[in-house]
Every structure is written in structure tokens, then in C-alpha cells.
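Can you keep this structure in mind? I'll have questions shortly.
We number each residue from 1, following the sequence as shown.
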Amino acid sequence: MNGLFFTTVTLALGWYTVSMPKFEAKNYLQAAAQHGCTTLSGIPTMFAMMAREEELLAELDLDSVKEVIIGSAPLTQALVDRVKAIFPNAGVRNSYGTTETGPAMFGPHPKGLERPPLSLGYPYPDVEWRLVGTGAPEEGELETRTPATLRGYLNLPKVSAARLENGWYKTGDVVRRDARGFFYFVGRADDMFVCGGENVYPGEVEKLLERHQDVLQAAVVAVEDEIKGAIPVAFVTRVPGASVDADELRQFALEHGPAFSHPRAVLFVDGLPVGGTHKVDKSALMPAAKQAVESLRR
């Protein structure tokens, strides 16, 4: 949907569009420089992979890029800072939408207030929304109704009944709303797990870890535990040349976040596995995570 949306918009505006058969960090950066692209779109994993191409980045002129729009997965301030370093003339915007209700739900504030860096924005006029759950109305699972909301899933009546109610779509995304009306992504409701009686959102732990200067990207998964219920395990890609170790990152998490959510094990990888849409494939991380937890128990 992300690619379809931006392709449709650029064609409607009469822009010159550069399309690639598949994503590769080096080819993406080279194409942006070669064609003098002014607007780029992608998901966080893609830009984290670009940040690792230090030698290539030192050679390319990417000053033409004026706007970078990132969506389809959680965004961290650390990645925003790295994207701004790669594209020094560009503004970075966090984008949110769903295939089921339309790819653009949030935009500028009606009073002209500046959008905070990680905010999704302010709901567009035709977007109805409500937050459901114990933290509502400030935080909860986002349900929405828009002119683009699907009528149902093809040949999946049970799924349609579970996700749709009187035209309202249950996104499964937990978001919060600040006092000025800006929305922020917290995590997936089905990703949340309970550790020692406390709710833990993997995305929040990932954001915390990526605040460390030596962490390029982090992914957190939950492993079952007889005492805690589930415990977080982190997979981390270091910034090129960095040497941060697991003990340092665990201590960083304890000092800067709630103790219950700190990763009990930290595993370092050269790159995180991704699926066909280049979102992190956390299921591929589970065997190594379970093995790490078993090692802790011995």
C-alpha cells in the first residue's frame, strides 16, 4: 500500500518517479543521487540499512533530497537523526495509514502547530477516530472510520466480523494523543506481552535501545518464562565501528527505562532479518531468542 500510494500521488502530480524492482540499500542511494530525487519514501528498516553504507555515503551527493517520508513501522528519534545526517537538506516525516482504511490518516495541525518529530500528525477532517482500552482517551487501540474503509475481507467473514463494527475498523495499533491533539504510535496490541505483571510493548524497548549512540537498529521479542510470564530479548545491530557490549546495553535500559522492560539477553547481529516488505521478521529471531534464554537459566 505504501508503494502504491506514493506512486499514485506522484503520477497525479505529474512528478518524475524512480521505481526499482526490489530494495537494495546501495542501489537506492545511488538512484537517489543519480536522478536528483527530491522526495524519498520507505520504511525504517530500509533507512537503517542505508545508514550502514558509510563508504558509499561519503561519495554521493544527496543534497537534492528535500523530504523523507517514513512509514509502515515504528520510527525512533535515533533513526530520524541518522536520516537527517544522510540527507542534510531534508525534513523527515513520520507517516501512518492502513491498507484497510487508507494510507494517509494524519496530516498537519489545523492551527498550524509544528509537528513533533515522532508524531504521526493530526487526523485529517474526514477521519473519524476513537481510542479503546484502559488508557483511553489519552492512549489505547485505535479504531477508525474513513471514506476509504473496506467493506470486508474477501471470503473471510469471521475476520471481517472481528475487525469491523458499524463501519469502524479496529487497527490493532496502540497510539497515544497529546494535549495538542498530535498522535504517536506506541505499538501493536498483539505484540504487547506481560512481564512480571507489567505490560511491555517491544516497540518502546526498541526505541529506548536505539537512543544509545552505538545502536543502529534493535528488535525485541518476548520469550515465555515460568516466573515472569514472558521476558524481553533484544537483537541489536551496532553502528559501524562501535563496540558496545550486552552488559552496557542492559545497564543503559535499566537507567533510562522501567526495570521490568529491560532486555534480559542482548544478541548482536550484522543485520536484522526482513520479510518481503522489508519489515523486520521477528519470527525468524525466535529460535535464537529461546536459545539465549535457555542459556541464562543454566
Side-chain angles (χ1 to χ4, degrees), residues 2-3 20-33 40-60 62 68-87 92 94 185 187-188 191 201-223 232-250 252-253 263-293 295:
N2 191 9
M20 303 177 67
K22 66 177 181 178
F23 174 79
E24 292 179 347
K26 289 184 178 180
N27 290 346
Y28 188 105
L29 289 167
Q30 289 170 337
L40 303 180
S41 171
I43 68 174
T45 306
M46 293 178 177
F47 289 96
M49 294 170 70
M50 292 181 221
R52 296 165 56 188
E53 302 295 334
E54 290 189 314
E55 292 185 9
L56 178 61
L57 289 171
E59 301 172 359
L60 296 178
L62 295 165
V68 176
I69 303 169
I70 305 177
S72 301
L75 181 62
T76 65
Q77 186 61 51
L79 184 59
V80 170
D81 294 340
R82 291 190 175 98
V83 171
K84 288 184 176 179
I86 295 172
F87 308 103
V92 180
N94 195 10
F185 182 85
R188 288 286 302 171
D191 282 347
Y201 289 97
E204 294 295 280
V205 185
E206 292 162 3
K207 291 177 185 177
L208 172 61
L209 293 173
E210 290 181 16
R211 284 166 50 190
H212 193 285
Q213 61 181 4
D214 290 340
V215 174
L216 178 61
Q217 193 177 17
V220 173
V221 298
V223 176
V233 174
F235 291 81
V236 171
T237 301
R238 296 185 183 96
V239 171
S243 58
V244 62
D245 61 24
D247 288 339
E248 183 179 345
L249 282 183
R250 283 197 297 270
F252 180 84
R264 299 337 190 244
V266 178
L267 304 176
F268 294 96
V269 292
D270 292 333
L272 296 173
V274 295
T277 60
H278 273 83
K279 295 182 182 181
V280 175
D281 181 7
K282 292 189 175 182
S283 63
L285 299 172
M286 286 304 300
K290 292 178 180 178
Q291 185 176 1
V293 171
S295 298

Is any side-chain heavy atom of L40 less than 4.5 Å from a side-chain heavy atom of Y28?
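Side-chain contact under 4.5 Å: yes.
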
First locate atom OG1 of T237, then atom CG of L267, and finally report the distance between them rounded to the nearest 0.5 Å.
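Answer for the OG1-CG pair, T237 versus L267, is 11.5 Å.
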
Any side-chain heavy atom of L272 sitting closer than 4.5 Å to one from T45?
no

Would you say L29 and F87 make side-chain contact, with heavy atoms under 4.5 Å?
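Yes, side chains in contact.
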
So I86 and L62, do their side chains get closer than 4.5 Å, heavy atoms only?
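Sidechains of I86 and L62: in contact.
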
Would you say V266 and F235 make side-chain contact, with heavy atoms under 4.5 Å?
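No, every pair of side-chain atoms sits at 4.5 Å or beyond.
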
Specify the closest pair of heavy atoms between V220 and V205, including all atoms of both residues, with the distance to one decimal.
CG2-CG1, 3.8 Å

Electrostatic pair K207-E204, nearest N-O below 4.0 angstrom
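A salt bridge links K207 with E204.
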
In Å and rounded to the nearest 0.5 Å, what is the CD to CZ distance from Q217 to R52?
8.5 Å

Donor-acceptor pair, distance only, cut-off 3.5 Å: does the side chain of R238 make one with the backbone of V244?
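Looks like yes, one N/O pair under 3.5 Å.
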
Does the pair K22 and E24 meet the rule for a salt bridge (charged side-chain N to carboxylate O under 4.0 Å, His left out), with working shown?
CA-CA 7 Å; K22 66 177 181 178; E24 292 179 347; 3.6 Å; yes

Rounded to the nearest 0.5 Å, how far apart are NZ of K279 and CE of M46?
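Output value for this atom pair is 10.5 Å.
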
Between OH on residue Y201 and CZ on residue F185, distance to nearest 0.5 Å:
10.0 Å

Please report the C-alpha distance between F23 and V274 in whole Å, then the side-chain angles of each, then the deciding distance to 0.1 Å, and finally whether the side chain to side chain contact (heavy atoms under 4.5 Å, CB included) criterion is met.
CA-CA 11 Å; F23 174 79; V274 295; over 6 Å; no

Ignoring hydrogens, what is the shortest heavy-atom contact between E210 and R82? Give both atom names and the distance.
O-NH1, 4.4 Å

Going from CG on D245 to CZ on R250, what distance comes out if it is rounded to the nearest 0.5 angstrom?
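If I round to the nearest 0.5 Å, the distance is 8.0 Å.
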
Validation row: I70, V92 side chains within 4.5 angstrom (heavy atoms):
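In contact.
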
Other residues, nucleotides and ligands only: do more than 12 of their heavy atoms fall within 6.0 Å of CD on Q77?
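Enclosed: over 12 neighbouring heavy atoms sit under 6.0 Å from CD of Q77.
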
d(Q30 CD, L60 CG) to nearest 0.5 Å is 6.5 Å

Quick one, V239 and V215 - any side-chain contact, counting heavy atoms below 4.5 Å?
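A side-chain contact is absent here, since even the closest heavy-atom pair is not under 4.5 Å.
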
Considering non-hydrogen atoms only, spot the tightest contact between V233 and A289 and give its length.
CG1-CB, 4.0 Å

Which heavy-atom pair separates N27 from M20 by the least distance, and what is that distance?
CB-CE, 3.3 Å

Applying salt bridge (charged side-chain N to carboxylate O under 4.0 Å, His left out), which residue pairs with at least one partner in residues 280-293 are found, sequence neighbours left out?
E206-K282

Closest heavy-atom pair and its distance - P44, G71:
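Heavy atoms only, the tightest pair is CD-O, 3.5 Å.
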
How close do P202 and D191 get, counting heavy atoms only, and between which atoms?
CD-O, 3.4 Å

